[in-house]
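Have a look at the structure below, then the notes.
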Amino acid sequence: MAPKTMKALRLVKYNALYELQEIPVPSIKENDLLLKVGAASFCHTDYQVYEGVYKSPCPMTPSHEPVGTIVEVGSKAVKSGWKTGQRVGMLNFRHACGSCVGCRVARDPRQADQPDTRFCENKDMAGISADGGFAEYVVADADCSVSLPDGLEFEQAAPLMCAGATVWGGIDEASVKPGLPVGVIGIGGLGVLALQFAAGLGHPTVAIDNRPEGRQLAEELPSHLRPKAIIDANSPNATDEVVKAAGDGGLAGVLVCNDSVEATEWSLKLLRTRGVCVPLGLPVEGFKFSAFDLIFKQLSVKGSLVANRRLTEDMMKLVAEKGIRSHVTTMSLEEGINLPEKYMNPQLKGRLVVTL
């Protein structure tokens, strides 16, 4: 049974250090799970929340990448098979209303009788519009939670709940046939997972980054998941190097795992005819593309939000099968006061994870 109060990192004001506070343990609804948090990680969206981009309510507990152990199960969630003691991860979209346009139109592609919570107009979002995972306990929606593979440590599982789900959803949306080359621009918390997922699915991959830290992450991957080529985006011949490494006129697909408008526009030059670009960053100023690149090669640019529960379950199977891992830097709640500042360190490699 959970205690009445808990420690939590709180965003009390935009662009200000987090505060460590003692707040009430949240109560759950009938289709919720109460998790004792094992780990929660910091995402670029968390930085945008910190800046006030989403006009999130303050005070609020950040992080939409928590994993933990179930300590309480709602009456409806019990009927779905959830039990106390299970190790689970939660996606940040919660509590679909079931009746809005998004719920009626965007059905779950694998279970048409269920709304796809991602597109609900009335959902709440952990760490964005409601309290998230930088706390000892967090509320998870049973319909948007997944079991964790045995042996997957909490600190490795946490980044999968957004960084992993985002790039997994992007790869699924790109729909590139196995065996065809996929490029990844930006080898950080998202990109290093994207390289491993694509390789695990049978794609030769090309890693592209302008930072030595990103290129080093790619070099350090195990041999069965290592990219075919690692390209310095600062090289004056970077475009030719990527196209040559991919062969047959360029990449069949490219995932852009940062929010650089310039990098996203450049990514179209790396694609072969009918190639697919999936930009995963959220630049506030929007995207820009060359009409000539887009039209003369009949390219596709596809939006991708994040994987839903069923896609995330598939992702977890590949993680367990291929031994996919993130580069993580762990810290305690107390050490997380200045997480946004730590995130902006240009020498940062991988993901920042708070462990409890």
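Being a predicted model, the structure only gives us computed values, none of them experimental.
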pair Arg94-Cys144: side-chain heavy atoms closer than 4.5 Å: no
Side chain to side chain, Val71 and Thr84, heavy atoms closer than 4.5 Å: no
Atom NZ of Lys297: over 12 foreign heavy atoms under 6.0 Å: yes
side-chain contact (heavy atoms from CB on, under 4.5 Å), paired with Leu35, selected from Val88, Val139, Thr69: Val88
Parallel, tilted or perpendicular: ring planes of Phe42 versus Tyr47, cut at 30 and 60 degrees: perpendicular
Pair Asp32, His95: side-chain N/O donor-acceptor within cut-off below 3.5 Å: yes
Steps toward side-chain contact (heavy atoms from CB on, under 4.5 Å) verdict (Leu17, Glu341): CA-CA 9 Å; Leu17 293 179; Glu341 293 179 358; 3.7 Å; yes
Distance-only side-chain donor-acceptor flag, Glu22 / Thr5, under 3.5 Å: yes
Candidate pair Val12 and Cys58, rule side-chain contact (heavy atoms from CB on, under 4.5 Å), full reasoning: CA-CA 5 Å; Val12 298; Cys58 291; 5.7 Å; no
Within-4.5 Å side-chain heavy-atom neighbours: Asp314 and Asp172: no
Hydrophobic cluster identity match, Val167 and Val67, side-chain contacts under 4.5 Å: yes
Contact check, side chains of Asn258 and Val256, non-hydrogen atoms, under 4.5 Å: yes
Heavy-atom side-chain proximity of Leu9 to Ile337 below 4.5 angstrom: yes
Minimum side-chain heavy-atom gap Phe154-Thr355 below 4.5 Å: no
Over 12 non-hydrogen atoms of neighbours within 6.0 angstrom of NZ in Lys302: yes
Minimum side-chain heavy-atom gap Lys83-Ile70 below 4.5 Å: no
Distance (rounded to the nearest 0.5 Å) between Ser235 OG and Asn210 CG: 12.0 Å
Sidechain N-carboxylate O distance under 4.0 Å for Asp209, Arg215: no
Neighbour count above 12 (heavy atom, 6.0 Å) for Lys36 NZ: yes
Distance (rounded to the nearest 0.5 Å) between Ile324 CD1 and Met315 CE: 9.0 Å
Joint hydrophobic cluster, Ile231 plus Trp266, side-chain heavy atoms closer than 4.5 Å: yes
Asn237 CG: over 12 foreign heavy atoms closer than 6.0 Å: yes
Donor on one side chain, acceptor on other, Trp168 and Thr312, under 3.5 Å: no
Interatomic spacing from CG in Leu305 to CZ in Phe119 - rounded to 0.5 Å: 5.5 Å
Side-chain ion pair, Arg10 and Asp131, N-O less than 4.0 Å: yes
Rounded distance (nearest 0.5 Å) linking atom OG of Ser326 with atom CD of Gln156: 5.5 Å
Which atom pairs, one a donor and one an acceptor, fall under 3.5 Å between side chains of residues 181-197 and the rest of the protein, sequence neighbours left out?
| from | atom 1 | to | atom 2 | distance (Å) |
| --- | --- | --- | --- | --- |
| Gln196 | OE1 | Arg325 | N | 3.1 |
| Gln196 | NE2 | Val192 | O | 2.9 |
| Gln196 | NE2 | Arg325 | O | 2.7 |

4.5 Å side-chain heavy-atom contact, Val353 and Pro159: yes
Verdict with reasoning, Tyr343 to Tyr50, per side-chain contact (heavy atoms from CB on, under 4.5 Å): CA-CA 11 Å; Tyr343 172 77; Tyr50 162 81; over 6 Å; no
